[in-house]
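Below: the structure, in structure tokens.
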Amino acid sequence: QVQLAESGGGLVQPGGSLRLSCAASGRTFSSHGMGWFRQAPGKEREFVAAISQSGGDTVYADSVRGRFTISRDNARNTVYLQMTNLKPEDTTAYYCAAQRWSWGSPAPAEYDYWGQGTQVTVSS
């Protein structure tokens with residue numbers, strides 16, 4: 001069982017930056033691929049980025065590639081999403097998720113554990 005808790009969301013101006021964190025409980029964090037998703041009200045959950053168990057491999061959605069960076073610290077049981085050059089269309093709730101024994105899937109159904117989400121608002 002893995003419990004996830006996101007933090008770091010907030011209000012930022014267009015062009016600004018935020019770093020989201022996702023802290024995981026349990027001793028099996030390093031065996032899980034991790035992902036970030038986002039979901040606006042009334043819309044489907046959208047894949048943002050994923051990282052392998054070791055942190056050596058990453059994959060991004062086209063909409064965020066070059067602006068967002070996913071990373072993880074297995075010693076701290078934490079995964080991060082560094083977001084730069086934020087745009088108003090990035091405004092939504094962001095969720096981290098854990099995928100057992102695999103990584104990199106863009107499909108929410110492939111993930112086994114989810115956090116409660118953190119809101120990001122990009123507005124002047």
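Keep in mind that this is a model prediction, so the values were computed, not measured.
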Treating [X] as the side-chain partner and [Y] as the backbone partner, does any N or O pair qualify as donor plus acceptor under 3.5 Å?
X: Thr84; Y: Ser17; value: no
X: Arg67; Y: Asn85; value: yes
X: Ser25; Y: Gln3; value: yes
X: Asp57; Y: Ile51; value: no
X: Ser123; Y: Thr121; value: no
X: Arg72; Y: Gly33; value: no
X: Gln53; Y: Ser102; value: yes

How long is the straight-line distance from [atom2] of [Y] back to [atom1] of [X], given to the nearest 0.5 Å?
X: Cys96; Y: Ile70; atom1: SG; atom2: CD1; value: 9.0 Å
X: Arg19; Y: Ser7; atom1: CZ; atom2: OG; value: 9.0 Å
X: Arg38; Y: Lys43; atom1: CZ; atom2: NZ; value: 10.0 Å

Check: [Y] and [X] side chains under 4.5 Å, non-hydrogen atoms:
X: Gln82; Y: Leu18; answer: no
X: Ser63; Y: Glu46; answer: yes
X: Glu6; Y: Leu20; answer: no
X: Val122; Y: Lys87; answer: no
X: Val120; Y: Met83; answer: yes
X: Gln119; Y: Thr91; answer: yes

Cluster question for you: counting only ILVMFWY and a side-chain heavy-atom cut-off of under 4.5 Å, with indirect links fine, are [X] and [Y] together?
X: Tyr60; Y: Leu86; value: yes
X: Val12; Y: Val64; value: yes
X: Phe47; Y: Trp36; value: no
X: Met34; Y: Trp114; value: no
X: Tyr80; Y: Phe29; value: no

query = When you check the gap from the basic side-chain N to the acidic O, do Asp62 and Arg65 get nearer than 4.0 Å?
reply = yes

task = Looking only at non-hydrogen atoms, find the nearest pair between Leu81 and Ala49 and report the distance.
result = CD1-CB, 4.4 Å

ask   = Looking at Tyr95, does the NZ or CZ of Arg45 lie under 6.0 angstrom from its six-membered ring centre and within 45 degrees of the ring axis?
value = yes

key: Within 45° cone and under 6.0 Å: Arg100 NZ/CZ vs Tyr111 ring   = no

inquiry  = Below 30° counts as parallel, above 60° as perpendicular, anything between as tilted: where do the rings of Tyr94 and Phe68 land?
reply    = tilted

